[in-house]
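All values below come from the heavy atoms of this structure, side chains included, with hydrogens, waters and symmetry mates left out. Because the structure is predicted, anything quoted here is derived from the model rather than measured.
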Amino acid sequence: QVQLVESGGGLVQAGGSLRLSCAASGRTFRGYAMGWFRQAPGKEREFVTAISWSGDSTYYADSVKGRFTISRNNAKNTVYLQMNSLKPEDTAVYFCAADRLAGGVVAGTSDYWGQGTQVTVSS
């Protein structure tokens, strides 16, 4: 089965930027829709963004629209999340998700999930 591995998290000051990566490990996720969720301690998992397999369609949560950008490089079997103008409320573990159906990614019922990478934004 497809395995996803996130990287690029870290500590950044408010207003700064980070770029997260999500790569397949062991198998390709060619043809899959991809996306990102995040979860802070004691809070529910929250949808962040999603992208179709072709990259032609994207969707963003209102809380990140205009600040975050999702993209993918299928030749590298990798999806990216560029995060700009970061705020303390963006602090969370960010999870990559993949599903053969785009609706599964948006709905949070993805077939595959990564282990998460920590993003901490200081004020």
Met83 side chain near Val12 side chain, heavy-atom distance below 4.5 Å
no
Sub-4.5 Å side-chain heavy-atom contact between Thr91 and Gln118
yes
Determine whether a donor-acceptor pair (N or O, by modelled atom type, separation under 3.5 Å) exists between the side chain of Asn77 and the backbone of Ala23.
no
Do side-chain atoms of Glu6 reach the backbone of Cys96 as a donor and acceptor pair under 3.5 angstrom?
yes
Partner residues of Arg72 under the salt bridge (charged side-chain N to carboxylate O under 4.0 Å, His left out) criterion, sequence neighbours left out:
none
For Ala14, side-chain contact (heavy atoms from CB on, under 4.5 Å) partners two or more places apart
Pro88, Val121
I'd like to know if the side chain of Tyr80 reaches the main chain of Thr69, judged simply by a donor and an acceptor atom lying under 3.5 Å from each other, with no hydrogens or angles considered.
no
Rounded to the nearest 0.5 Å, how far does CG of Asp90 lie from OG1 of Thr120?
11.0 Å
Tell me if a side-chain donor or acceptor on Ser57 pairs with a main-chain N or O of Ser52 at a distance below 3.5 Å.
no
Within this structure, what is the OG1-CZ distance for the pair Thr58 and Phe68, rounded to the nearest 0.5 Å?
14.5 Å
Are any of the side-chain heavy atoms of Arg45 and Trp113 separated by less than 4.5 Å?
yes
Looking only at heavy atoms, which two atoms of Leu4 and Ala97 are closest? And how far apart?
CD1-C, 3.9 Å
N/O donor-acceptor pair under 3.5 Å between Asn74 side chain and Trp53 backbone:
yes
Going from CD on Glu46 to CZ on Phe95, what distance comes out if it is rounded to the nearest 0.5 angstrom?
12.5 Å
From CA spacing to verdict: side chain to side chain contact (heavy atoms under 4.5 Å, CB included), Val105, Tyr32
CA-CA 10 Å; Val105 176; Tyr32 282 70; over 6 Å; no
Once you round to the nearest 0.5 Å, how far does NZ of Lys87 lie from OG of Ser123?
14.0 Å
Is the backbone N or O of Val119 less than 3.5 Å from a side-chain atom of Arg38, with the two atoms forming a donor-acceptor pair by type?
no
Quick check for you: to the nearest 0.5 Å, what is the distance between Ile70 atom CD1 and Gln82 atom CD?
12.0 Å
Are Val5 and Val79 joined in one hydrophobic group, where the rule is that I, L, V, M, F, W and Y side chains link up if heavy atoms are under 4.5 Å apart?
no
Side chain Thr109, main chain Ala107, donor-acceptor under 3.5 Å:
no
Only counting residues at least two apart or in another chain, list the ones meeting salt bridge (charged side-chain N to carboxylate O under 4.0 Å, His left out) with Glu89.
none
Quick one: pull up CG in Asp111 and CG in Leu101 and give me the separation to the nearest 0.5 Å.
7.5 Å
Closest non-hydrogen atoms of Cys22 and Met34, given as atom of the first, atom of the second and distance, are SG-CE, 4.0 Å
Minimal non-hydrogen separation, Ala50 against Val106, with atom names
CB-CG2, 4.1 Å
Qualifying residues under ring-ring contact (aromatic ring centres under 6.0 Å, His included), relative to Tyr94, sequence neighbours excluded:
none
Please enumerate all residues that pass salt bridge (charged side-chain N to carboxylate O under 4.0 Å, His left out) together with Arg19, with sequence neighbours excluded.
none
Partner residues of Phe47 under the ring-ring contact (aromatic ring centres under 6.0 Å, His included) criterion, sequence neighbours left out:
Phe37, Tyr59
